[in-house]
Trainee: 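My questions all concern the structure below.
Everything numeric in this text was worked out from a predicted model, so none of it was measured. Chain letters run A, B, ... following the sequence lines, proteins first, then strands; residues in each count from 1.
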There are 2 protein chains.
Amino acid sequence: MRDDLPIDQIIEAECVDAMQALPDACVDLVFADPPYNLQLGGELHRPDNSRVNAVDAEWDQIGNHDDYDLFTCAWLEEAHRLLKPDGGIWVIGTYHNIFRLGTFLQDMGFWIMNDVIWRKSNPMPNFKGTRFTNAHETLIWAAKTKDAKPTFNYAAMKALNDGVQMRSDWTLPICSGGERLKLADGKKAHPTQKPESLLHRVLLATTNPGDLVLDPFFGSGTTGAAAKRLGRHFIGIERDRDYAAIARERIASISPATREVLTVTQSKRAEPRIPFGNLVERGMVKPGDTLYCPRGERTARVRADGTLISGRSTGSIHKVGAEIQKAPSCNGWTFWHVRVRGGFQPLDTLRAQIRETMTV
Amino acid sequence: MRDDLPIDQIIEAECVDAMQALPDACVDLVFADPPYNLQLGGELHRPDNSRVNAVDAEWDQIGNHDDYDLFTCAWLEEAHRLLKPDGGIWVIGTYHNIFRLGTFLQDMGFWIMNDVIWRKSNPMPNFKGTRFTNAHETLIWAAKTKDAKPTFNYAAMKALNDGVQMRSDWTLPICSGGERLKLADGKKAHPTQKPESLLHRVLLATTNPGDLVLDPFFGSGTTGAAAKRLGRHFIGIERDRDYAAIARERIASISPATREVLTVTQSKRAEPRIPFGNLVERGMVKPGDTLYCPRGERTARVRADGTLISGRSTGSIHKVGAEIQKAPSCNGWTFWHVRVRGGFQPLDTLRAQIRETMTV
DNA sequence: TAACCCACTGAATCACAAC
DNA sequence: GGTTGTGATTCAGTGGGTT
């Protein structure tokens with residue numbers, strides 16, 4: 001990681017100013033919880049003229065030029081510049097601002113991966129009875145570009161959800177009780193403190209240990225707290241000195257998890273590749289041996305170079321498997337079986353034996 | 001109600017053309033399920049190699065964001081004109097289009113009342129393990145203007161929800177089984193037929209009996225079906241003759257206002273499943289914490305994704321529990337314990353605490 | 001009848017490394 | 001940058017048929 005960055009620090013400044021001082025393509029992830037009740041006026045910082053013009057062009061399509069859109073465009077443009085090519089961004093909001101955030105993300109070339117619903121298990125009721133209880137907030141997860149491959153720890157998310165795919169709706173409680181930061185007078189320290197559980201899931205899903213996360217609206221520092229706990233690094237930007245001080249104190253008291261427990265469930269795609277030919281070379285399967293389908297109704301014979309032959313079809317275990325099933329594709333490792341005493345065993349178990357010897 | 005309107009009829013025309021032929025301020029509610037403008041890649045296959053029947057209809061291919069925005073603007077402008085002063089509008093979409101819909105609604109002076117999440121109890125999974133399961137769609141409910149007082153049947157919603165306020169997230173199944181309209185060849189009649197339970201809730205919440213509902217993208221006629229059942233009137237606009245014919249036949253076979261519908265509407269209320277990972281995210285158990293056997297003679301450590309590690313064994317609380325006991329299975333909730341002052345407490349009691357907060 | 005197994009399906013921006 | 005080969009990847013539910 002670059003050593004000229006303010007790693008694990010909180011910058012006290014307007015977010016666009018601070019972002020402009022950082023170099024291109026330096027962060028792995030941006031997490032942004034922007035305010036939507038801005039007290040806009042003369043105090044709002046505007047970027048330099050060239051950038052305003054570039055921004056203007058973007059949302060002539062939208063036809064609305066109010067200060068909130070100008071501000072949103074300015075920090076999103078900077079976020080785009082600061083992200084590495086395969087970086088990702090999360091934004092969170094409510095119906096007051098999330099539609100504008102989503103539209104701008106799309107217009108700027110970000111590529112939406114998911115919108116995610118934070119379904120609050122204990123929302124504030126609607127006292128007037130004039131609407132539905134506002135029981136959720138919306139997050140958008142987007143890649144820097146359409147072709148980017150942002151980090152997604154699919155297997156870890158599946159493990160976290162008891163073995164079934166993590167869905168786009170997350171039921172989590174709001175931040176309350178002991179987690180909620182309080183001032184000396186007992187009042188809450190920040191009006192919109194997010195629960196660490198939310199950031200835990202975001203960071204575990206879309207970053208790796210050691211990654212750098214930028215939060216341009218740092219607030220009470222939940223992003224930094226979760227990042228430190230999970231062995232990620234952060235840069236926080238916060239214009240309010242009191243909030244920054246609270247966040248610093250909060251993060252200082254956190255001790256990170258060890259490397260061992262940060263090693264999460266890995267996808268099979270990450271495992272080393274074993275050519276089928278290795279099994280032949282090692283004598284686990286011999287040239288001339290017969291391989292069987294799961295139900296044994298079709299067979300193929302192994303050739304010395306690790307290809308199969310079955311009727312007119314020859315080629316890799318995958319190609320032959322696909323052709324005899326007339327399927328678009330086939331995983332030969334799980335499709336083909338060898339005969340063992342009294343039954344069949346998939347090639348995959350033989351591959352696992354080789355992998356076992358590799359890791360030791 | 002005006003007698004020059006095509007009440008309870010389906011107009012076969014392009015939606016903007018048909019809307020322009022209607023007079024100002026004549027409808028109480030607009031419900032719109034516009035094309036989502038999906039941008040799909042090639043073919044998609046399930047892990048069992050079957051092909052996913054994608055939404056590749058010509059009507060969904062609007063083009064780029066600019067074309068989609070022009071189209072959206074045109075019909076939303078007409079919708080605004082057709083609404084009575086205290087009228088309301090619902091739109092539904094996914095992340096592909098919902099942010100643009102929301103932004104335009106706001107820019108045109110509509111006033112958002114709620115965004116509502118349709119949380120699908122049985123969504124299609126993500127077959128390639130590349131993203132979170134797309135398990136919801138988003139609806140926006142808006143008033144014609146900031147000062148409008150659109151109909152909201154608060155008490156009816158509360159009653160429908162077992163006596164507690166209706167939240168902004170609705171768990172309902174997708175349209176399948178006998179409800180799904182089929183052609184003579186057994187194929188689905190419309191690729192995106194919405195469940196009647198969804199429209200039931202929308203109409204019950206934001207219209208009164210006798211009200212007039214306009215649906216400019218009528219499709220298979222779910223809005224008309226729900227309206228007729230609930231004693232509301234509708235005007236449908238659909239440019240596809242086949243869809244219009246299907247909808248006419250469907251609605252003709254419906255008899256209004258039976259109790260039966262209410263039972264259809266109730267979603268199944270099951271005891272919520274709590275993944276062990278939730279305890280980690282919520283900080284009830286921390287990455288690196290040690291878990292103990294009932295008698296404490298064996299231990300495991302918790303990883304950040306909610307899996308355990310004990311010696312060479314890693315995986316879910318159930319899997320690791322079974323492996324270290326050399327048992328075929330294990331209920332990790334009762335097997336593993338956390339240390340509390342002076343003793344041990346099973347994970348099950350922590351899970352019970354979460355259930356407590358969710359069900360109230 | 002009940003239990004069980006198998007086939008099929010749903011608004012989806014759905015792989016990736018090596019050559 | 002395009003092409004090719006390897007091989008990873010699914011949940012809840014309906015409905016039909018068999019045991």
Trainee: Ignoring the backbone of A:Arg269, work out which of D:dA8, C:dA12, D:dG7 is nearest its side chain.
Mentor: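 Nearest nucleotide to the side chain: D:dA8.
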
Trainee: Can you check whether B:Tyr36 stacks with the C:dA11 base, using ring centres under 5.5 Å and planes within 30°?
Mentor: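 Answer is yes, a stack.
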
Trainee: For a quick check under 3.5 Å, do B:Tyr68 and B:Asn97 share a side-chain donor-acceptor pair by atom type?
Mentor: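 A donor-acceptor contact under 3.5 Å links the two side chains.
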
Trainee: P atom, D:dG15 versus C:dA11: distance in rounded Å?
Mentor: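 Pairwise P distance, D:dG15 against C:dA11, rounds to 16 Å.
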
Trainee: Heavy atoms under 4.0 Å, any strand shown: does B:Thr192 hit a base, just sugar-phosphate, or nothing?
Mentor: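 Contact class for B:Thr192: base.
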
Trainee: Please tell me whether A:Thr307 and A:Arg303 have a donor and an acceptor in their side chains that are separated by less than 3.5 angstrom.
Mentor: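 Distance-only check passes for A:Thr307 and A:Arg303.
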
Trainee: Would you mind reading off the distance between B:Glu137 atom CD and C:dG10 atom P, rounded to a whole angstrom?
Mentor: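 The answer, rounded to whole Å, is 14 Å.
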
Trainee: For nucleotides C:dT13 and D:dT4, find the distance between their P atoms and express it as a whole number of Å.
Mentor: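 About 28 Å, rounded to a whole number of Å.
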
Trainee: Which nucleotide wins on minimum distance to the side chain of B:Asp33, given the candidates C:dA11, D:dT9, D:dG7?
Mentor: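 Out of C:dA11, D:dT9, D:dG7, the nucleotide with an atom closest to B:Asp33's side chain is C:dA11.
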
Trainee: Assess whether a salt bridge exists between B:Lys194 and B:Asp33, defined as any Lys/Arg side-chain N lying under 4.0 Å from an Asp/Glu carboxylate O.
Mentor: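 Here B:Lys194 pairs with B:Asp33 in a salt bridge, since their nearest N and O are under 4.0 Å apart.
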
Trainee: Could you check if a side-chain atom of B:Ile89 sits within less than 4.5 angstrom of a side-chain atom of B:Leu105, using non-hydrogen atoms only?
Mentor: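 Counting from C-beta outward, B:Ile89 and B:Leu105 do come under 4.5 Å.
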
Trainee: Starting at the 5' end of DNA chain D, which residue's closest nucleotide do you reach first, A:Val164 or A:Ser316?
Mentor: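 Nearest nucleotide further toward 5': that of A:Ser316.
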
Trainee: Using the closest heavy atom to pick a nucleotide of DNA chain C for each, name whichever of B:Pro34 or B:Asn126 lands nearer the 5' end.
Mentor: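 First, find each residue's nearest nucleotide; the 5'-ward one identifies B:Pro34.
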
Trainee: Please report the distance, rounded to the nearest Å, between NZ in B:Lys187 and C1' in C:dT9.
Mentor: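 Those two atoms, NZ and C1', are 14 Å apart.
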
Trainee: Would you mind telling me which of D:dG5, D:dC11, C:dA11 lies closest to the side-chain atoms of B:Ile174?
Mentor: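 Closest nucleotide to the B:Ile174 side chain: C:dA11.
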
Trainee: Check the distance between D:dT10's C1' and B:Asp48's CG and give it to me in whole angstrom.
Mentor: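 Roughly 8 Å, once rounded to whole Å.
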
Trainee: A:Arg351 has a side chain; which of C:dA17, D:dA8, C:dC14 sits nearest to it?
Mentor: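 Looking only at side-chain atoms, A:Arg351 lies closest to D:dA8.
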
Trainee: Between the side chains of B:Arg119 and B:Asp169, is the shortest nitrogen-to-carboxylate-oxygen separation below 4.0 Å, so that they form an ion pair?
Mentor: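 No, no charged N to carboxylate O under 4.0 Å.
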
Trainee: Taking only Lys NZ, Arg NE, NH1 and NH2, and the carboxylate oxygens of Asp or Glu, determine whether B:Lys120 and B:Glu137 approach each other closer than 4.0 Å.
Mentor: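 The answer is yes: the pair qualifies as a salt bridge.
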
Trainee: Find the distance B:Arg180:CZ to C:dA11:C1' and express it as a whole number of Å.
Mentor: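 Rounded to the whole Å, the gap is 9 Å.
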
Trainee: Check every atom of C:dA11, C:dT13, C:dC16 against the side chain of A:Lys149 and return the nucleotide holding the closest atom.
Mentor: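 Nearest nucleotide to the side chain: C:dC16.
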
Trainee: Toward the 5' end of DNA chain D, which comes first, A:Lys158 or A:His318, by nearest nucleotide?
Mentor: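 With A:Lys158 and A:His318 compared, the 5'-side residue is A:His318.
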
Trainee: Between D:dT10, C:dG10, C:dT13, which nucleotide gets closest to the side-chain atoms of B:Pro47?
Mentor: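 Nearest listed nucleotide: D:dT10.
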
Trainee: Please measure how far the C1' atom in D:dT10 lies from the corresponding atom in C:dA7, and state the result in whole Å.
Mentor: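 One C1' to the other, the span is 15 Å.
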
Trainee: Side chain of B:Lys194 only, please: which of D:dG7, D:dC11, C:dA11 is the nearest?
Mentor: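 The listed nucleotide nearest to B:Lys194's side chain is C:dA11.
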
Trainee: Could you please name the option among C:dT13, D:dG13, C:dC14 that lies closest to any side-chain atom of B:Asn122?
Mentor: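 Nearest listed nucleotide: D:dG13.
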
Trainee: Less than 3.5 Å apart, any donor N or O on the side chain of A:Gln165 or B:Thr133 sitting next to an acceptor on the other?
Mentor: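 There is such a pair (donor and acceptor under 3.5 Å, judged by atom type) between the side chains of A:Gln165 and B:Thr133.
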
Trainee: Taking Watson-Crick (N1-N3 plus N6-O4 or O6-N4) and G-U wobble (N1-O2, O6-N3), each under 3.5 Å, can you produce the dot-bracket string of DNA chain D? Use [ ] for crossing pairs and | for inter-strand ones.
Mentor: .|||||....|||||||||

Trainee: Choose from D:dG7, C:dA12, C:dT13 the nucleotide whose nearest atom is closest to any side-chain atom of A:Trp111.
Mentor: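 The listed nucleotide nearest to A:Trp111's side chain is C:dT13.
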
Trainee: Would you call B:Asp69 and B:Arg100 a salt bridge, taking side-chain N to carboxylate O under 4.0 Å as the test?
Mentor: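 B:Arg100 and B:Asp69: salt-bridged.
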
Trainee: Measure from the ring centre of B:Phe127 to the centre of the six-membered ring in the base of C:dC14, then say whether that distance is under 5.5 Å and the planes meet at under 30°.
Mentor: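 No; centroid distance or tilt outside limits.
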
Trainee: Whether B:Asn53 contacts C:dC8 is assessed here as follows: a side-chain N or O lying under 4.0 Å from the phosphate OP1 or OP2. Is that the case?
Mentor: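 Checking C:dC8 against B:Asn53, no side-chain N or O comes under 4.0 Å of OP1 or OP2.
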
Trainee: Please determine if A:Asp348 and A:Arg351 form a salt bridge, counting it only when a charged side-chain N lies under 4.0 Å from a carboxylate O.
Mentor: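 Salt bridge: yes.
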
Trainee: Using the P atom as the reference point in each nucleotide, state the distance between C:dA18 and D:dA8 in Å, no decimals.
Mentor: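 Straight-line distance between the two P atoms is 14 Å.
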
Trainee: Calculate the interatomic distance between A:Phe152 atom CZ and C:dT13 atom P; express it in whole Å.
Mentor: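 Going from CZ in A:Phe152 over to P in C:dT13 covers 12 Å.
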
